[in-house]
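Below: one structure, written as structure tokens.
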Amino acid sequence: MYVCICNGVTDRHIREAVDNGCASVSELTMRTGCGASCGSCLEMAAAMVAEMRAELPLPVLAAAA
């Protein structure tokens, strides 16, 4: 699904960015361009980043695996 139509950023792009360490919407914008044009996608992008970060395992558990 397209989240940022202006820059062609999909939910998959956001998932990949979060999986690679993206922790905020401003960082997401720098990495993908999401929200850099009109900004109407920023609320949805922020919700997606928060939801995806909540799903990530705790850093201590990941390091122990």
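Because only heavy atoms are used, hydrogens play no part in the values below, and waters and symmetry mates are left out as well, while side chains stay in. Sequential numbering from 1 along the given sequence is applied to the chain's residues.
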Applying the 4.5 Å side-chain criterion to the ILVMFWY set and letting contacts propagate, would M48 and V9 be lumped into a single cluster?
yes

To the nearest 0.5 Å, how far apart are OG in S24 and CE in M30?
6.5 Å

Look only at the side chain of T29 and the backbone of C34, and say whether a donor-acceptor pair between them is shorter than 3.5 Å.
yes

Using the rule that two of Ile, Leu, Val, Met, Phe, Trp, Tyr join whenever any of their side-chain heavy atoms come within less than 4.5 Å, decide whether L28 and M52 are in one cluster.
yes

With a cut-off of 6.0 Å (strictly less than), are more than 12 heavy atoms of other residues, nucleotides or ligands near CD of E43?
no

Rounded to the nearest 0.5 Å, how far apart are CD of E16 and OG1 of T10?
7.5 Å

Kindly indicate, with the supporting measurements, whether the criterion side chain to side chain contact (heavy atoms under 4.5 Å, CB included) is fulfilled by R31 and N20.
CA-CA 10 Å; R31 289 185 185 207; N20 289 318; 3.8 Å; yes

What is the minimum heavy-atom distance between C4 and C41, and which atoms define it?
CB-SG, 3.7 Å

Side chain to side chain contact (heavy atoms under 4.5 Å, CB included) between I14 and T32, worked out:
CA-CA 8 Å; I14 294 173; T32 66; 5.5 Å; no

If you take all heavy atoms of A36 and N7, which pair is closest and at what distance?
N-ND2, 3.9 Å

d(I5 CD1, S40 OG) to nearest 0.5 Å is 7.5 Å

For the residue pair M44 and M1, what are the closest heavy atoms and their distance?
SD-CE, 4.4 Å

Let me check something: do V49 and V3 share a hydrophobic cluster, defined by ILVMFWY side-chain heavy atoms less than 4.5 Å apart, either directly or through other members?
yes

